[in-house]
Amino acid sequence: MEGYNARELEPKWQAHWQQNNYYRAVRNPAQKKYYVLEMFPYPSGKLHMGHMRVYSIGDVLARFLRMRGLNVIHPMGWDAFGLPAENAAKKHGADPGEWTASNVAVMKAQLNALGLSYDWAREVTTCSPDYYRWNQWLFLLFYKNGLAYKKKSPVNWCPSCQTVLANEQVVDGGCWRCGSEVSPKELEQWFLKITAYAERLLQDLSQLKGWPEKVKVMQENWIGRSQGTDIVFTVAETGDRLKVFTTRPDTLFGVTYMVLAPEHPLLSKLIAGSSREKEIRDFVQQSRRESEMERTSAETEKIGLFTGAHAVNPINGEKIPILVGNYVLMSYGTGAVMGVPAHDQRDFLFADAYGLPVRVVVNPPAKDLTAAPLEEAYEGTGTLVNSGEFNGMPNTEAQKAITEWLIRHDCGGFRVRYRLRDWLISRQRYWGTPIPIVYCPQCGPVAVPEKDLPVLLPTGIDLAAAKQSPLPESEDFVQARCPQCGGTARRETDTMDTFFCSSWYYLRYADPHHEKAPFSKEEVDYWLPVDQYIGGIEHAVLHLLYSRFFTKFLFDQGLVAIEEPFQRLLAQGMVYKDGAKMSKSLGNVVSPDEIIERYGADTGRLFILFAAPPERDLDWNEQGVEGCYRFLRRVWRLFQQNMDIFASEAKTTATSQETPALCPEAETLQRALHFAIKKVTVDIEERFNFNTAISAIMELVNAVYGYFNTLDGKPERNVPLLRQTLKNIVLLLAPFAPHITAELWHRCGFEGSVHRQPWPVYNPQYLQVEEAEIVIQVNGRVRDRMLLPVDSPREELLTAARRQEKIKPYLQDKEEIKTIVVPGKLVNFVVR
RNA sequence: GCGGGCGUGGCGGAACUGGCAGACGCGCAGGACUUAGGAUCCUGUGGGGCAACCUGUAAGGGUUCAAAUCCCUUCGCCCGCACCA
């Protein structure tokens, strides 16, 4: 008997699929489409288990849905700009483009070795000019709409990557890529005005029914909407207006001091001439050197210094001291906060430390806080006191009333603020999309005209010699003509954040070779939105937020008809080994190559899907892999041992649906078959529980072996039923293990490819059992079981149950209080 | 501190709307076939007990005829946000 040889048959089928453009997706308005997408990889040159997991999940879905009759688009490409290529170039003297291209070739081969069903005709590589010219085009579209702008501001600088980072790319005060601590740096940089979309990005989260709650919450936190009031104070000494933002305007009468951020623009004016000017300047210098992370960490002591200036409270004309404090951030609100120690615990502690006065202005119900010194701030609701004309008003009402008062007196108003900042997209690196702007001494910054796109990244540059980005030093690149006046001008030398590329690649897949536009409306309207997106949770507020922003912008521009790019999102869990993340330093890395070599791709895919549900973390276990390998061999053997039933007459009788007069053993097998079809279908389609789908197929295979065992010594196996069962095993297994099933399908002599067959449909009639096992409980505890016709009425179940020998003693001499009957399932006697 | 999630055998995990806890796989034990097997096939496998039976889903309480599932309290773990004014 021929053994299962994955190493031989897998490459054979892979080649077959590729040569025939097997998974090509073509727009067909008559057919319902389904867009399955996994986050595209950075072409590092090494496929790891995390990749194998996402792509296996996506592939099962794509293959399953094709069999379900949908027009499935399942594309793949490369997020190919970025630092590693540049670093490799420096280290090994390679050209980043060539380095990337050779990595792409390696990884593409690895993906194909997994048997993934991609439409490679749609392959997209972001570092190719065909792609990045549209990055530039989109940038200009943002620019024309006032959504791309340049400003000087303190930005996050990663000293190791030698570039700035967006806020989203700073994790725990460190660079998301390398972990180095970022420090503030004052630079003029390009931003995208994502804050203009803050409200819609927040509101539309509620439309995303197919997204994990967790990701939505993370985005909500990140956007950080906060409703409050802007209040304008006046500086007593200079007459300057000083604006604060507060969520508690009702406590305005309780303000006893004000604190400014060290970066506050008014600060130097306020301290000029003060006796403590030098001390304050030193403090400001020191604070500016520290990162936001350091300044705002819970352990950092709150420091405040009196500036010598005072602010006048608009509502009562009171003069209060203005301090400067390390904990106030220029980047949120107005960079100035009012201090209300009586009603904010943080202010309370601060006031306590600096001997600032505390004034109660909100009394809780039935208690007077003004009677004795406070022990802590009262942050709850209550009635206003010490608040002039607002005394006696419930504080929730006063929030509105006081703000309205401020509006009437032109010194404030309602205001919604967000934590979200504009997206910093400049990078001081070479390997990225050049920002299509030239600086003209006459005209200032000028957009490169569309016809001159793409602005090509110069190639053949010796990166090893360059300090950081070689672009500013490349005269050929920098020198330009001003599109407006024709004079000599200089090109922008910063490149774009690579997250710009990945914010719209899923649109390009719909129409990857379009030369006149990033994509045509026709194709995008048919294929988009992505129906199922799959990827890591690490992009919860990076890529996923940026992409939503892009889509909304493109919607507003009339370029797409959708407002949300990803209908459903699956955040897959991580792959661990021995309880720890796979890493070189721990030496617990298992590579997909290794698994393919030893067991084959089908085994690897099966294990990775079987070991845990997709959203959960997975522990790689060699013995578990072995188990899946064993299962596939068991399937293989089942076919080898029964190949005779598919011979000669197979084609003539295989379609016969009628299988009259089955013996009980055959009936059990038939039921197992239809049950498995049902279970596998539901598990893939509705629940994404591939692990239980696979276990259902295993059970079916076990049932076939079981059938043979019961047959021992009996007349004949039921050939039509077996044929039907085996055929369906191949179909059910096809999305999970595409190679072995293609081979078996072929060997059995069936027409066409297993991957183009319609998905099997179960017959509910065959699921019905005549007799069901009924559980008999007494006081909720199982005491016995009995076999009865499924449709036995209540009364019959009860009498039959009472007649059971094991039940009798429990009912004797007892009072029956109640009986519960769940038809077809259980009987419960409640006795006393 | 706030928000999200989780806690089930020796292990990975099942148990859809409350209705037989532990499907399936791993591991382990026994048997069969075999010169042999780490191949394969069969059987058993939460714990305790010879058994009837008892007990068991992080801990404690509650609702219910019936709870892994619903409610309350506590503990533990993971993730996100965190002087955000």
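Every chain is numbered from 1, with letters handed out A, B, ... down the list of sequences. Values in this document were obtained by computation on a predicted structure and should not be read as measured data.
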Taking the side chain of [X] as heavy atoms from C-beta outward, which of [options] is closest to it?
X      : options             : result
A/K302 : B/C20, B/C83, B/G4  : B/C83
A/R783 : B/A66, B/G80, B/C54 : B/C54
A/V782 : B/G25, B/G3, B/A21  : B/A21
A/W222 : B/C65, B/C81, B/C24 : B/C81
A/E213 : B/G4, B/C65, B/C81  : B/G4
A/L826 : B/C20, B/A85, B/G19 : B/G19
A/K818 : B/C83, B/C53, B/C65 : B/C65
A/R419 : B/C53, B/A21, B/A82 : B/A82

Could you give the distance separating [M] and [N] at their [atom1] atoms, to the nearest angstrom?
N     : M     : atom1 : answer
B/G44 : B/U35 : C1'   : 29 Å
B/G27 : B/C53 : C1'   : 29 Å
B/U8  : B/A23 : P     : 16 Å
B/U57 : B/G76 : C1'   : 16 Å
B/A68 : B/A58 : C1'   : 12 Å
B/C26 : B/G9  : C1'   : 13 Å
B/G30 : B/A39 : P     : 15 Å
B/G37 : B/A32 : C1'   : 14 Å

Would you indicate, yes or no, if [N] has its OP1 or OP2 atom less than 4.0 angstrom from a side-chain nitrogen or oxygen of [X]?
X      : N     : result
A/R637 : B/A39 : no
A/R630 : B/G27 : yes
A/N702 : B/G25 : yes
A/R781 : B/U55 : yes
A/R634 : B/C41 : yes
A/K214 : B/G80 : no
A/R633 : B/A39 : no

If pairing requires Watson-Crick or G-U wobble contacts with both distances under 3.5 Å, which nucleotide is the partner of [N]?
N     : answer
B/C26 : B/G10
B/A21 : none
B/C33 : none
B/G56 : none
B/C77 : B/G5
B/A82 : none
B/A15 : none

Please tell me whether [X] and [Y] have a donor and an acceptor in their side chains that are separated by less than 3.5 angstrom.
X      : Y      : value
A/D422 : A/T195 : yes
A/R783 : A/Q804 : no
A/T692 : A/D683 : yes
A/E168 : A/W423 : no

Q) So which heavy atom on A/Q345 is nearest to which on A/E379, and how close? A)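 Shortest heavy-atom contact: N-OE2, 2.7 Å.
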Handout entry: Stacked cation flag A/R634 on A/Y705, 6.0 angstrom / 45 deg
Key =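 The answer is yes; both the distance and angle limits are met.
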Contact class for [X] vs. all strands (heavy atom < 4.0 Å): base, sugar-phosphate, or nothing?
X      : answer
A/V682 : nothing
A/E773 : base
A/G627 : sugar-phosphate
A/V337 : base
A/I694 : nothing
A/Q777 : base

Exercise. Is there side-chain contact between A/R359 and A/V361, with heavy atoms separated by less than 4.5 Å?
Worked result: yes
Expressed in angstrom and rounded to an integer, what is the separation of [X] atom [atom1] from [N] atom [atom2]?
X      : N     : atom1 : atom2 : value
A/L609 : B/G25 : CG    : P     : 17 Å
A/K825 : B/G18 : NZ    : P     : 11 Å
A/N828 : B/A67 : CG    : C1'   : 14 Å
A/I774 : B/C20 : CD1   : C1'   : 11 Å
A/Y332 : B/C81 : OH    : C1'   : 13 Å
A/F675 : B/C24 : CZ    : P     : 11 Å
A/F829 : B/U64 : CZ    : C1'   : 19 Å
A/L632 : B/U40 : CG    : P     : 12 Å

Q. Using the purine O4'-C1'-N9-C4 or pyrimidine O4'-C1'-N1-C2 torsion, is B/G38 syn (within 90° of 0) or anti?
A.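 Chi for B/G38 falls in the anti range.
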At a cut-off of 3.5 Å, list every protein nitrogen or oxygen paired with a nitrogen or oxygen from nucleotides 10-17 of chain B, distance to 0.1 Å.
| unit_1 | atom_1 | unit_2 | atom_2 | d |
| --- | --- | --- | --- | --- |
| B/G12 | O2' | A/A611 | O | 2.6 |
| B/G13 | O3' | A/N691 | ND2 | 3.3 |
| B/A14 | OP1 | A/N691 | ND2 | 3.1 |
| B/A14 | OP2 | A/R616 | NH2 | 3.1 |
| B/A15 | OP1 | A/R687 | NH1 | 3.1 |
| B/A15 | OP1 | A/R687 | NH2 | 2.9 |

On RNA chain B, more 5' by nearest nucleotide between A/V830 and A/R785 is A/R785
Counting only distance, no hydrogens or angles, is the base of B/C81 paired donor-acceptor with the side chain of A/N221 under 3.5 Å?
no
Next on the checklist: I'd like to know if A/K214 pairs up with A/E615 as an ion pair, taking the criterion as any Lys NZ or Arg NE/NH1/NH2 lying under 4.0 Å from an Asp or Glu carboxylate oxygen.
Outcome noted: no
Between A/R53 and A/P614, is there a donor-acceptor pair closer than 3.5 Å when you use the side chain of the first and the backbone of the second?
yes
ring-ring contact (aromatic ring centres under 6.0 Å, His included) with A/Y599: of A/Y4, A/F607, A/Y629, only one passes, and it is A/Y629
Quiz item: Is the gap between the ring centers of A/Y354 and A/Y257 under 6.0 Å?
Solution: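 Distance test on ring centres: not under 6.0 Å, no.
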* A/H543 and A/H539 aromatic ring geometry - parallel, tilted or perpendicular at 30°/60° bounds ->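 Perpendicular.
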